[in-house]
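Read through the structure below, which is laid out as structure tokens, and then see the notes.
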Amino acid sequence: MPKNLVIVESPAKAKTIEGFLGPDYIVKSCFGHIRDLSKSDISIDVNNNYAPKYEISPDKKEIIKELTKLSKSVDTVWLASDEDREGEAISWHLSEALNLDQSKTKRIVFHEITKQAILKAIDKPRQIDYNLVNAQQARRILDRLVGYELSPILWKKIKPSLSAGRVQSVAVRLLVDREREVNGFLSVSGFRVVALLSFTHQGKPYVLKATLPRKLANEQEAQVFLESCLAATFNVGSVEKKPAKRTPSAPFTTSTLQQEASRKLGYSVSQTMVLAQKLYEAGKITYMRTDSVNLSETALNAAREQINNQFGERYHKQRQFTTKSKGAQEAHEAIRPTYMENPTTEGDSQEKRLYELIWKRTLASQMSDAELERTVVKVSISTQKEQLEAQGEVIVFDGFLKVYIESTDDLSEDEEGSGLLPPVEAGLSLNLDDMTITEKFPNSPPRYTEASLVKKLEELGIGRPSTYAPTISTIQKRNYVVKEDREGTPRNYTVLVLKKGEITSEKKVEMTGAEKNKLFPTDIGTVVNDFLMEHFSQIMDFHFTAKVEKEFDEIAEGMQEWTKMINQFYHPFHKDVERTLVESERATGSRLLGIDPKTNKNVYVRIGRYGALAQIGESDDEEKKFSNLRSGQRLESMTLEDALELFKLPRNLGDFEGKDMTVGTGRFGPYIRHNSSFYSLPKIDDPLLVDADRALEIILAKRKADAEKVIMRFTDTEPEIQVLNGRFGPYITQGKENFKIPKDRDPKTLSLADCVAIIADEANKPKKIKRGKK
DNA sequence: CAGTGAGCGAGCTTCCGCTTGACTT
């Protein structure tokens with residue numbers, strides 16, 4: 001019987017550690033938090049010093065039973081949860097829930113999963129740090145108070161089932177603010193000058209591409225500039241070379257891994273975490289939920305060895321990075337391969353690519369700076385004071401760039417300043433091949449991707465490595481936010497060209513504002529955000545988390561009583577809650593768009609019980625009219641014209657077989673309705689233009705298709721079974737189930753007995769095997 | 001699936017941060 005029970009948070013960790021400790025130790029995992037406030041109500045007694053009502057989480061009952069039993073059979077229980085606020089609380093909850101005898105309970109922490117580190121930890125046990133535990137309780141209770149008092153207000157004032165919280169509501173605010181910034185962005189164009197200048201050097205022809213550093217203000221100025229260049233001569237004025245260097249980024253944390261996997265591999269935040277979890281469980285990488293950029297001694301040594309072997313000593317430079325992000329708790333190492341000597345790994349291709357990314361990033365972080373040479377060439381124009389400029393960059397020593405180049409979210413305008421310049425010297429005379437002046441519009445601030453939102457949240461110190469992915473999915477589940485593509489809109493721009501002594505001007509069209517896989521706030525997300533901003537600006541403040549984190553730190557250091565801190569927060573907050581419940585109007589996001597010229601009534605858009613709608617007439621008007629907004633239409637961007645357009649449908653097209661034909665637009669696009677049947681309108685038809693003849697055509701075509709749908713039926717004997725013609729050819733249907741007809745059978749000649757036999761045959765076939773794994 | 005949009009009232013929804021599976025398609 002083992003004499004010692006060690007409890008860690010993660011089962012993968014438990015397995016590794018057990019190997020180090022020998023037969024006297026049994027190592028178990030508690031799978032994270034084991035107790036929490038009950039979900040069913042607020043579970044905090046606000047009138048009794050905020051006494052929390054904890055209960056064992058339903059999914060942890062089983063493991064607690066097992067741990068209790070084990071703890072009774074050993075001499076010593078070692079609580080080895082992580083060394084941060086949450087980890088300390090887990091140890092305390094364990095000690096309470098398992099009813100541990102303090103004299104045989106020891107608290108240990110280690111930062112590295114090596115035999116040495118663990119033995120050292122066991123050598124220096126301590127007691128539970130109650131200041132840290134109280135800091136966690138304060139965090140937990142504040143979050144519960146905010147979440148469980150704000151959400152019900154939203155149910156009453158906006159819509160049931162909505163939610164608000166310290167983290168999610170600020171995440172939505174970032175998106176709403178950005179959306180407004182983008183929509184309000186005024187893009188003032190400038191005119192960009194690019195010249196292609198040729199020369200010969202040692203008998204070989206070269207072209208130098210040079211640009212004017214500033215943009216010209218308008219077309220007229222561009223025209224004047226080109227005219228002045230018509231008779232000009234061009235000379236290289238100066239060539240200046242400067243050394244530069246580039247330094248590798250720190251190894252991955254959760255958030256930087258999510259960002260790079262999104263940029264380089266196109267993974268969603270949650271996809272990255274699922275893959276990383278698999279790599280972790282397979283023992284290939286260290287823990288994937290971390291905010292630390294620290295590498296252990298073991299890792300530093302392994303990286304050095306790998307770099308020296310693979311690239312030579314010149315490529316190695318040992319670096320230890322320091323964590324900058326707010327609120328970092330550093331319970332773990334950075335995310336790195338467990339074995340640096342493996343540049344790649346077995347497994348499915350997605351896992352493999354993520355592993356290789358982690359390996360490269362880790363290795364690069366321990367490599368030398370890249371040395372560059374930047375060259376700036378100035379080109380003089382004889383008729384102008386202003387000079388053109390060409391920039392080049394050459395890698396003198398690649399260093400870490402040999403394995404890893406970090407990506408950025410910025411869409412840099414051009415590829416300026418990269419690559420090798422042709423051989424030029426001061427005084428060299430150049431020949432103008434052509435000069436192009438293109439009208440350019442500056443980009444609006446970029447919309448957020450999942451990963452760039454995580455980056456922003458981390459910068460603000462909001463959320464933790466374990467919650468970034470769940471937060472992103474919560475705000476999408478609540479329908480506050482959607483991730484989607486949007487088509488761009490066409491925009492005109494002007495291009496002026498000087499070539500062979502002639503100046504020409506041309507109007508061109510480019511697409512602008514197209515987005516791929518970006519986060520957009522929905523109407524409901526916007527209405528909830530504006531409501532919270534109006535009544536709870538304190539919670540919505542981007543620095544709210546940072547402020548309370550500072551107080552949690554003070555509690556952790558024993559400088560402040562946790563109940564006092566919560567009390568100071570709760571009193572004013574709860575007053576706001578009560579006042580809002582009484583005073584605030586129902587929030588519908590209602591906007592008055594204008595007046596309907598036909599009826600002279602007001603036209604509104606707002607959120608209704610079933611989503612966004614347009615309304616003509618006041619709410620107490622008996623003859624008011626409603627229409628759903630179309631998909632893609634947003635409350636904020638609706639105009640009077642857009643709204644009036646909606647009321648043009650449904651239209652009555654006239655009578656057929658004694659019943660009205662109407663045309664309308666539903667959830668699945670435009671349709672014709674006749675005698676309570678629906679007929680989808682083909683894409684080529686515009687519901688506003690369709691006439692009675694065309695509607696009739698569509699109805700008859702559908703009837704014909706339906707008539708041909710039934711190949712065989714056995715009405716008398718077995719009305720359940722039919723042979724039908726479907727989208728993919730003939731098939732047999734029985735009730736709600738469909739069955740394939742074997743290729744060698746003619747569907748037209750099948751008898752009922754044949755059908756029954758085929759159904760029995762198909763039903764016996766094994767179900768499709770799961771895809772994914774080989 | 002092609003409507004609905006108001007109100008009543010029962011009963012429900014909801015937070016953040018630790019951890020993994022157990023479930024289908």
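Heavy atoms only: backbone and side chains are in, while hydrogens, waters and symmetry mates are out. Chain naming here is simple, since letters A, B, ... match the order of the sequence lines and numbering starts at 1 in each.
Listed candidates were B:dT13, B:dG21, B:dC15. Nearest to the side chain of A:Pro160 is B:dT13. Among B:dG3, B:dT19, B:dC18, the nucleotide with an atom closest to any side-chain atom of A:Ile90 is B:dC18. Residue A:Arg478 places its side chain closer to B:dC15 than to any other of B:dC15, B:dG21, B:dG5. Nearest nucleotide to the A:His332 side chain, out of B:dT20, B:dC16, B:dT19: B:dT19. Of the listed nucleotides (B:dT14, B:dG21, B:dG17), B:dT14 has the atom at the smallest distance from the side chain of A:Gln168. Of all nucleotides listed (B:dC16, B:dG3, B:dT4), B:dT4 comes nearest to the side chain of A:Tyr610. The side chain of A:Pro11 lies closest to B:dT19 when the candidates are B:dT19, B:dC18, B:dG3. Of the candidate nucleotides B:dC15, B:dG17, B:dG7, B:dG7 has the atom lying nearest to any side-chain atom of A:Arg609. In this structure, of B:dT14, B:dT20, B:dC18, it is B:dC18 that holds the atom nearest to the side chain of A:Glu9.
Pairs of Watson-Crick or G-U wobble type, with distances under 3.5 Å, never assemble into runs of 3 or more in DNA chain B.
In this model, the phosphate group of B:dT13 is not approached by any side-chain N or O of A:Ser151 to a distance below 4.0 Å at OP1 or OP2. Contact check, A:Arg85 against B:dC18: no side-chain N or O comes under 4.0 Å of OP1 or OP2. Side-chain nitrogen and oxygen atoms of A:Ser161 include none within less than 4.0 Å of the OP1 or OP2 phosphate oxygen of B:dT13. The phosphate of B:dT20 has OP1 or OP2 within less than 4.0 Å of a side-chain N or O from A:Arg289. Of the side-chain N and O atoms in A:Gln136, none sit less than 4.0 angstrom from OP1 or OP2 of B:dG17. Proximity of A:Tyr671 to the phosphate of B:dG3: a side-chain N or O atom is located under 4.0 Å from OP1 or OP2.
Within a 6.0 Å sphere centred on NZ of A:Lys13, other residues, nucleotides and ligands contribute more than 12 heavy atoms. Annotation for A:Glu657: atom CD counts as buried by contact number, over 12 foreign heavy atoms lying within 6.0 Å. More than 12 heavy atoms of other residues, nucleotides or ligands lie within 6.0 Å of NZ in A:Lys624, so this atom counts as buried by the packing criterion. Within a 6.0 Å sphere centred on NZ of A:Lys456, other residues, nucleotides and ligands contribute 12 heavy atoms or fewer.
Contacts of A:Gly32 with the nucleic acid, taken as non-hydrogen atoms under 4.0 Å apart, include base atoms. Residue A:Pro465 is classed as having no contact, given no heavy-atom separation below 4.0 Å to the nucleic acid. Within the nucleic acid shown, A:Arg673 comes within 4.0 Å of sugar-phosphate atoms alone, with no base atom in reach, counting heavy atoms only. Nucleic acid contact class of A:Leu162 (heavy atoms, under 4.0 Å, all strands): sugar-phosphate only. Residue contacts shown for A:Gln277 are limited to sugar-phosphate atoms, with no base heavy atom under 4.0 Å away. Residue-level contact check: A:Ala89 touches neither bases nor backbone, having no heavy atom under 4.0 Å from any strand. At the heavy-atom level, A:Tyr679 lies nowhere under 4.0 Å from the strands shown. Note on A:Arg139: a base of the nucleic acid sits closer than 4.0 angstrom, heavy atoms only. Residue A:Ser10 is in sugar-phosphate contact alone, with no base atom involved, counting any heavy-atom pair closer than 4.0 Å across all strands shown. Residue A:Val167 is in sugar-phosphate contact alone, with no base atom involved, counting any heavy-atom pair closer than 4.0 Å across all strands shown. Counting any heavy atom pair closer than 4.0 Å across all strands shown, A:Gln615 reaches no nucleic acid atom. A:Tyr468 comes within 4.0 angstrom of nothing in the nucleic acid, heavy atoms only. Residue A:Gly463 is classed as a sugar-phosphate contact, given heavy-atom separations below 4.0 Å to backbone atoms only.
Using a cutoff of 4.0 Å between basic side-chain nitrogens and carboxylate oxygens, A:Arg166 and A:Asp143 are scored as salt-bridged. No salt bridge links A:Arg464 with A:Glu86; every basic N to acidic carboxylate O contact stays at or beyond 4.0 Å. Between A:Lys278 and A:Glu281 there is no salt bridge, since no side-chain N of the basic residue sits under 4.0 Å from a carboxylate O of the acidic one.
Taking A:Arg173 as the reference, A:Asp177 meet the side-chain hydrogen bond (donor to acceptor under 3.5 Å, both in side chains) condition, with sequence neighbours excluded.
Residue-to-nucleotide proximity on DNA chain B shows that, of A:Lys60 and A:Leu37, the 5′-proximal contact is made by A:Leu37.
A donor and an acceptor atom sit less than 3.5 Å apart, one in the side chain of A:Arg140 and one in the base of B:dC15. In this model, no side-chain donor or acceptor of A:Arg464 finds a partner on the base of B:dC18 within 3.5 Å.
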Report task. Take A:Met565 and A:Phe552 through the test side chain to side chain contact (heavy atoms under 4.5 Å, CB included) and record every step on the way to the result. Result -> CA-CA 9 Å; A:Met565 182 247 152; A:Phe552 297 151; 3.7 Å; yes
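Within the model, atoms OH of A:Tyr287 and OG1 of A:Thr254 stand 8.5 Å from one another, a figure rounded to the nearest 0.5 Å.
Within residues 619-628 of chain A, the residues that place at least one heavy atom under 4.0 Å from DNA chain B are, in residue-number order, A:Phe626, A:Asn628.
Looking only at atom types and distance, the side chain of A:Glu618 has a donor-acceptor partner in the side chain of A:Tyr604 under 3.5 Å away.
In this structure, A:Lys156 atom NZ and B:dA10 atom P are separated by 13 Å, rounded to whole Å. Atom-to-atom, CD1 of A:Ile141 to P of B:dG17 comes out at 15 Å; the value is rounded to the nearest Å. To the nearest angstrom, C1' of B:dC15 lies 17 Å from OH of A:Tyr50. Distance, A:Tyr54 OH to B:dG17 C1': 12 Å, rounded to whole Å. Here B:dT4 presents its C1' atom at 12 Å from CZ of A:Arg606, a figure rounded to the nearest Å. Atom CZ in A:Phe569 sits about 13 Å away from atom P in B:dC16, given to the nearest Å. Per the geometry, CG belonging to A:Leu649 stands 13 Å off P belonging to B:dG3, to the nearest Å. B:dG17 atom P lies 20 Å from atom CZ of A:Arg35, rounded to whole Å.
Applying the side chain to side chain contact (heavy atoms under 4.5 Å, CB included) test between A:Pro52 and each of A:Asp45, A:Asp36, A:Ile42, A:Ile141 identifies A:Ile141 as the sole match.
The aromatic ring of A:Trp155 stacks onto the base of B:dT13, its centre lying under 5.5 Å from the centre of the six-membered base ring with the two planes under 30° apart.
Note: A:Phe569 and A:Phe544 have tilted aromatic rings, judged against thresholds of 30 and 60 degrees for the angle between ring planes.
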